[in-house]
Amino acid sequence: MSQSDDATRILIVDDEPEIQPLYHLWFRKKVAAGIYKLHFALDGMTALEMIGRKPEIEIVLCDINMPNMNGLTLLPKLLELSNVLQVIMVSAYGDMPNIRQAMNLGAYDFLTKPINFEDLEKTIEKTQKIIHLAKRAKISKELEERNSNLLELDRLKTLFFTNISHEFRTPLTAILATAEQIKTAPNTWIEKGLPIIERNGHRLLDLINQVMELRRLESGKPVEIQLFRGDIIGFLHYLLESFQPQLEHKQIQLNIRGEVPELIIDFDPDKLTIILSNLISNAIKYTPAGGQVTVEITQQETALKLAVSDTGLGIPGADLAFVFDRFFRAATSSDEGGSGIGLSLTKELVELLNGEIGVESQEGSGSTFWVQLPISRQAEPIDIEQLKKAAPSVGPIQESVAFLGPNDERPRLLIVEDNIDIAQYLRSCLENEFFVHIAWNGQEGIEVAIESVPDMIISDVMMPVKNGYELCDTLKSNQTTSHIPIILLTAKSDEVSRLEGLEKGADAYLAKPFNRKELNIRVRKLLELRKNLQAHYSAIENHPSGPGEVRNEEDAFLWSVRKAVEEHIDQEHFGIVELCRSIGTSRTQLHRKIKALTNVSTSIYLRSIRMERAKKLLLETDLNVSEISYEVGFKDPRYFSSKFREHFGQRPSDLRRT
Ligand code: ADP
């Protein structure tokens with residue numbers, strides 16, 4: 001048996017049956033020794049059918065002249081069936097035109113009748129060698145392919161581990177940070193902190209469960225479906241309710257549409273919970289604040305259709321086909337945390353329930369994920385209230401957001417962070433020193449920063465809508481906000497991200513999980529730097545007095561103010577309102593920026609520009625004090641003199657005498 005396994009299998013295709021004994025006779029020893037194994041076919045169709053059945057046949061001896069299908073027609077069909085197979089053509093002596101044609105069609109060699117068997121044996125040996133080479137090439141190509149598949153899988157796994165570690169770090173930071181709070185201030189924190197720990201612990205558990213669930217599905221072991229008969233509509237509404245806190249947190253409106261008030265059918269509550277939760281959390285995650293999520297429930301003839309639509313980022317057309325693949329994450333979502341397993345798990349579960357899932361999406365305007373589940377009514381009935389007790393629910397998220405108010409003297413800190421627990425932890429660490437405002441994504445952060453010019457910003461990097469790098473980039477190149485120190489906060493502690501952050505102008509970097517001490521050190525350092533900046537700009541000599549002296553955004557801002565004031569310096573009524581109009585900022589922006597740089601109020605700063613000009617005129621011209629007073633916008637020379645004295649500690653006439 002093992003001998004014939006190594007045998008070279010030869011198929012002889014010839015319409016003359018009487019030729020067969022000749023082959024048997026000539027090759028009897030080789031056949032007996034298991035070196036050759038001979039097969040015969042009397043026509044082309046039989047030959048093709050045989051090759052189909054016995055792919056181990058490697059050499060075909062094929063007659064050219066046969067009725068029905070001749071050798072020239074058969075040859076290409078044979079070659080198509082296998083890329084290892086070699087064909088040796090057999091024809092009458094002198095049939096050169098047909099033989100040439102066969103060779104051009106891909107025959108390996110030819111013989112002429114009457115067959116010289118000795119010559120045939122040599123031809124077979126030669127053919128065996130070429131077959132051997134072809135097989136080796138095929139194997140190495142297969143290996144190469146397998147290798148590159150493994151590499152791709154490896155790359156996806158690494159990506160998955162990177163993503164999932166980021167996913168883990170945020171809840172872990174919240175838990176560790178809260179534990180620290182409880183340790184330092186047990187009385188105030190024990191009650192506030194426990195729900196945070198609990199919620200984030202659940203989040204971690206959810207993540208792990210998803211990974212395990214996927215493993216289980218992939219292991220091929222049967223997964224149990226537990227169907228109950230009950231009102232699925234009531235259950236869906238109940239599930240949707242549990243997303244209310246997340247929806248409110250992101251100010252997303254949830255619409256529920258569907259004409260079915262009640263529908264008693266079989267469903268698996270656990271699986272349905274995972275399916276719907278994944279679709280809804282994605283819709284919330286990938287939709288900017290203020291958007292809408294719509295769940296549409298329709299009853300079809302034999303199925304129930306659930307469609308979850310959002311007005312969010314959408315998915316690029318090229319990515320659409322891959323969203324249900326494991327570990328896949330669309331380019332548009334790279335700034336959100338995520339592992340790329342939610343949807344693949346959802347799809348596996350939907351298919352397990354004999355349902356279908358699909359997606360339609362337009363990049364930039366939103367996505368619709370739909371699920372269709374077959375309707376059956378055979379399972380045990382169950383009361384929906386019972387299910388509600390068993391189903392996991394999302395704990396309430398308590399929120400307390402302080403908005404900027406006018407009467408607080410503390411420096412203003414803007415926290416830009418989409419995770420409510422981390423945001424609250426930061427606030428609790430810093431609220432004694434700062435008046436804190438929280439923005440929930442990069443875009444909101446940018447808007448608040450430009451509008452209210454805070455004294456410091458702490459921003460997460462991975463956030464919806466706009467990420468921390470974009471925030472840094474925008475604020476650092478805006479004259480109104482360029483001076484604000486920014487601390488970037490991120491789960492990415494690797495060097496590349498750190499460099500990217502610093503390049504975009506971040507003043508410091510803090511990797512999650514961080515502790516209170518580290519945070520305080522960073523904040524203190526930046527406040528010191530800020531004091532140095534103020535010390536520099538509080539001396540008006542250090543302000544640029546011409547466009548040639550502008551070296552950075554701060555200089556540029558101060559120069560634009562000075563230029564505007566100097567252009568109108570003889571106009572008594574050119575005040576703050578006129579200045580704002582002239583340089584295009586709001587009163588608050590102007591005031592905050594000037595105060596941040598020089599530590600004086602806008603009106604004092606304006607006055608000092610006038611006074612500096614007056615001093616210059618006193619020293620460098622022959623104009624008298626009244627003329628100079630008009631020149632710098634004072635109608636009343638006595639008032640001018642008193643203000644001058646207030647400013648420089650000397651009267652204008654004192655300067656003249658020296
Ligand atoms: P994750 O959200 O953890 O990355 P999923 O498997 O749930 O993983 O989703 C895979 C990818 O599909 C996401 O990374 C995102 O790119 C895209 N995606 C899923 N849902 C939406 C949605 N509602 N809007 C836009 N993109 C989505």
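Computed from a prediction, not measured in an experiment: that's the story for all the values here. Counting starts at 1 for both ligands and their atoms, following the listed order.
- Counted within 6.0 Å of CZ on Arg146, heavy atoms from surrounding residues, nucleotides or ligands total 12 or fewer; the atom is thus considered open.
- No heavy atom of Gly312 sits closer than 4.0 Å to any atom of ligand 1.
- For the pair Ile315 and ligand 1, the shortest N or O to N or O distance does not fall below 3.5 Å.
- Side-chain N/O atoms of Thr178 and Lys192 include no donor and acceptor closer than 3.5 Å.
- Contact atoms of ligand 1 toward Ser367: 22 (C), 24 (N), 25 (C) (distance under 4.0 Å to a heavy atom of the residue).
- For Glu356, the CD atom sits in a loose shell: 12 or fewer heavy atoms of surrounding residues, nucleotides or ligands are nearer than 6.0 Å.
- With contacts defined as side-chain heavy-atom distances shorter than 4.5 Å, the pair Leu526/Ile487 qualifies.
- Between Leu313 and ligand 1, a contact under 3.5 Å exists for no N or O pair.
- Distances shorter than 4.0 angstrom occur between a heavy atom of Asp310 and an atom of ligand 1.
- In this structure, Phe324 falls outside the shell of residues with a heavy atom less than 4.0 angstrom from ligand 1.
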Between side-chain atoms of residues 298-315 and protein atoms elsewhere (two or more places apart, or another chain), which donor-acceptor pairs fall under 3.5 Å?
| from | atom 1 | to | atom 2 | distance (Å) |
| --- | --- | --- | --- | --- |
| Gln300 | OE1 | Gln372 | NE2 | 2.4 |
| Ser309 | OG | Thr368 | OG1 | 3.2 |
| Asp310 | OD1 | Gly312 | N | 2.9 |
| Asp310 | OD1 | Ser367 | N | 3.2 |
| Thr311 | OG1 | Gln292 | N | 2.9 |
| Thr311 | OG1 | Gln292 | O | 3.4 |

